[in-house]
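Below is one structure, written out as C-alpha cells, with a few remarks after it.
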Number of protein chains: 2
Amino acid sequence: MSELQSRNVPVTIARLARHLGLSAGTVSRALNNYPDIAEKTRKRVQKAALELGYRPSSSARRLARGIIETVGFVLPTTRNQHSDPFLAEILNGLASELSLHDWDLLVASVPKGQNEIDVINRLAGSGKVSGFVIARTRREDDRVNYLRKSGLPFVAQGRTDTPDDYSWLDIDNEQAFMDAVSYLRDLGHAKIAFLGGDPTLNFAWQRRNGYLRAMADQNGHIGVGYLIDGVTDELSAFHATRRLLTITEQDRPTAILCVTDAVAIGAMQAITHAGLTVSRDISIMGFDGLPIGEAVQPALTTLHQDSYEIGREVGRMILDLCTNSPSAPTQTLWQAKLTPRASVNRPGGNPA
Amino acid sequence: MSELQSRNVPVTIARLARHLGLSAGTVSRALNNYPDIAEKTRKRVQKAALELGYRPSSSARRLARGIIETVGFVLPTTRNQHSDPFLAEILNGLASELSLHDWDLLVASVPKGQNEIDVINRLAGSGKVSGFVIARTRREDDRVNYLRKSGLPFVAQGRTDTPDDYSWLDIDNEQAFMDAVSYLRDLGHAKIAFLGGDPTLNFAWQRRNGYLRAMADQNGHIGVGYLIDGVTDELSAFHATRRLLTITEQDRPTAILCVTDAVAIGAMQAITHAGLTVSRDISIMGFDGLPIGEAVQPALTTLHQDSYEIGREVGRMILDLCTNSPSAPTQTLWQAKLTPRASVNRPGGNPA
DNA sequence: AACGGTACCGAAAGCGCTTTCGGAAGTCAA
DNA sequence: TTGACTTCCGAAAGCGCTTTCGGTACCGTT
C-alpha cells in the first residue's frame, strides 16, 4: 500500500514479481488462472496486482501470445457528409460488444489518394487487426471481394450481389419494401411512386427491387416517371418530388415510398411547399426510424431498424469468426419493423 | 520473386534477413533509414521487403520502441441515439489526420455498469493508447478532470467551465449566438426567443450565454417564457415551440434562435402546423449547417461548423501533444460561419 | 609501413509478457 | 523407508522488433 503506482515508472510484471518474491512466470500464470498455482498465492498475487495497479502491457501480451484482439472498421468514403446517421450508433454497438471480451475497435479512414483496399491491407499486414467489419456495401464491392480472397475474417453489414460465401448481417430491405407496398395497397393506394437512392449501394438496390417486385406481384401499375433513382438526401428529394408533382393530377401518385427517412422529409417539404397536404393529398413513407420522423408534421410512417443492435450483432459475429476455427459463414437477415404514423392515409384523405 | 508471401507463414524480419544474407539488425536499420547503412544495401533491403511483402509487426515494434502511436476516443454516452450527426465526421477527420503519421484511432464505448473514467483508465493503463480525444464536454466534466490530474495527453473538443490548463478546440459558441442576436436585431427583431439544449453540456450553455449577453448588451427585452431549456431534439423542439405560440400575438416572439439545427427543424414544424408561416410570421435560426437545412422550406438560416476539419485539427493537436515534450496547452477557438437563408426575415414578413 | 579515421555490418541485449519444462518439496501408499 | 505421484514454483526460451556496442575492412595520411 505504501508504494502505490508512481505514474512515471509503470509497474511491470517483473516489478510485481520482485515485490512478491516470486518469479515473473508464476505471477503471469497466477493472473491468467493457470491450474498449477496454489490458490493461496493466486489470491496474494491478485491482491498485490490490484494494489500496485499492475496492468499487463497489451503490446507485450500480444507479441507473446501472437494474438491481436482488435477488429478494424474502415469508415466508408462518402461524398456527402453527415450522410449516415447510423454510423455512430453501429460503432457504438460494435465497440460495446467487443469490449465485453476485451477486444478493441480500430477505426480507420481512407486518406486522399488511397483506396479502401490499401487501408485494409496495411492494417491487416502490420498485424494491427485480426478481422474487419465493413458497412455500406455496394452491389459489387471491392472490399468484400478483396477480403474474400484474402482469407481474412470479416463481417459485412449489408450484402453484395453475390453473398453466398461470406458472413454478413443485413436488413431484409426487399421484404421491407414489399411490405410497404402491401401496406399502401391495402389502404387503397394504386398509384405508388418510389424515390430510390444510389442504386450501386446495395441497400438502395434491394429496396428498389422490393418496390418493383411487390408492384409486379400485386398487378400494380408503375406510372411514367414514378421511379426516380439517385435521390440521396433531403435536397435531391425535394427536387425529385417537385418533378413528381408536375404529373397531371389524374396520373399523379397518391403515395410516395422513399428509400430513407431523409428522402421522405425532403419529399414532405416539397409537397407542403406545393400547397398540398401530406397524408391527405399524398401519403409518404420512409425507412430508418430517425427521431425526426416523430416530430415532423404529419409524423412519418417508416420502417425501423435498430442500428445499435445491428452493431452488437455484427460484433458477436466477427468475434466468433476471429476466435473459432473457420466454419461456414453466418448470414443473418433481420426484418425491419413497420411503424405506422400519420403521414400515410387512405387516398383521398379519408382517415384509415 | 519465387517465394512470395505465403499467407500462413508471415514474413518476419528474421526471414527477410536470412533471405538477404544479412542480420536482422541490419535490415531493421536499413528500413528505418539509419545512416550507418550503405546506400546500396538499403536499396536492396527495401526492394526485397517490398517483394516479400514484409510488414513489421506493430506489437513487436511498439514493445521494442516503447511507443503506442494510438489515440483513444471514448464514444460519448448519450441517451437519445442519433443525437450527434457530427460524431462520424469528427472521427473521419481525426482518423485521417492520424493516419498521415501512421497513428491509429481506437474507439471505445462505455459498457453498462462502467463509466467513462473506467474505460479511459483501462485503455491507458494497459498501454493501448498514448492519448485521448474527448468530445461533447460538459460544463463540469469528469473525464477532463480525471485526465487533467492523470497527466495523460488529451485534447477536448469543447471546453469546460474551467478551461485554463488543458488543450482544447472549441467553436466560439457564445460569440456565434451574439452574432446571431445582432443579425436578428439588425433586421428589426426585438422579440427574440431562445430554445436552449441541455445546459449541462457546455456548448449549449455557451450558446445560451451568448444569447443572454447579446440581449443584455443591446438592451433587448427577454419576454416571459422566451427562454426554454432542455430542448434537445426535433420532438421536444416541437412541443417547446407550441408553448411559445400560446403567447398572445402581441407579446409573441418574432424570431426564435435555436441551439441546433435539429431543434430549429422541430420549431419550424410547430410553426407551420399552427398555421403560421416561418419567416413571414416568425423567423427561425439554427446552428450546425446540417444538409437538411437547405432542403427545408423555407431554407434554414444557420451557423455553420465543419466537423471534418474540427476532427483534423484535433488530430494535429493530440499528435503534437503526444510526440513533443510537454509544453503549454494549445487552445483554439474557431468562429462559426453565419449562413443566411430564407427562414429569417424582417419582422412582419417584408423581405429584407 | 604504421597509423588514425571512417563506413558498414553482426552480435547481443532487451522491450514485457507467455508458456514449456523440469525440479524441489510434500503426500500417500506399500 | 522407499517409491511413485502430486503440487507448486523457478528457469529459460521465445514472440518480432529495435538499438547499442564493438569489430572488421577499407580509406587516406605521414
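What you see is a predicted model; the values in this text were computed from it and never measured. So you know, we letter chains A, B, ... as the sequences are listed, proteins then strands, and number each from 1.
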Sugar-phosphate, base or nothing in reach of S59(A), heavy atoms under 4.0 Å: nothing
Candidate nucleotides dT18(C), dT18(D), dG10(C), ranked by approach to the side chain of A64(B) - the nearest: dT18(D)
Distance, rounded to the nearest Å, where I37(B) contributes CD1 and dT19(D) contributes P: 13 Å
Sugar-phosphate, base or nothing in reach of G25(B), heavy atoms under 4.0 Å: base
Salt-bridge contact D104(B)-R62(B) (side-chain N to carboxylate O under 4.0 Å): yes
R55(B) CZ - dC15(D) P separation (whole Å): 22 Å
Residue that, paired with D141(A), satisfies side-chain hydrogen bond (donor to acceptor under 3.5 Å, both in side chains) out of R143(A), R138(A), R139(A): R143(A)
Matching residue for E140(A) among N145(A), T160(A), T200(A) - test: side-chain hydrogen bond (donor to acceptor under 3.5 Å, both in side chains): N145(A)
5' priority, DNA chain C, between T26(B) and L63(A) [closest heavy atom]: T26(B)
Length of the line joining E69(B):CD and dC15(C):P, which is rounded to integer Å: 19 Å
N or O in side chain of S57(B) less than 4.0 angstrom from dC15(D) OP1/OP2: no
Spacing of N32(B) atom CG relative to dT20(D) atom C1', expressed in whole Å: 15 Å
Residue closer to the 5' end of DNA chain D, Y54(B) versus D36(B) (nearest nucleotide): Y54(B)
dT19(C) OP1/OP2 closer than 4.0 Å to side-chain N/O of R65(A): yes
Atom-pair distance (CD1 on I67(A); C1' on dT19(C)), nearest Å: 13 Å
Rounded distance in Å - CD (E39(A)) to P (dC9(D)): 11 Å
Centroid-centroid under 6.0 Å between Y166(A) and F154(A) rings: yes
Out of dC17(C), dC17(D), dT18(D), whichever nucleotide has its closest atom nearest the side chain of S28(B): dT18(D)
Touch class at under 4.0 angstrom, heavy-atom based, for G21(B) against every strand present: sugar-phosphate
Nucleotide dT7(D), atom P - distance to CZ of R42(A) in whole Å: 13 Å
Contact under 4.0 Å: R61(A) side-chain N or O vs dG16(C) OP1/OP2: no
First encountered from the 5' end of DNA chain D, between R29(B) and A60(A): A60(A)
d(NZ, K40(A); P, dC8(D)) in whole Å: 11 Å
Any side-chain donor near an acceptor of the partner, S96(B) and S109(A), under 3.5 Å: yes
Shortest side-chain distance from I13(A), nucleotide among dC17(D), dT19(C), dC17(C): dC17(C)
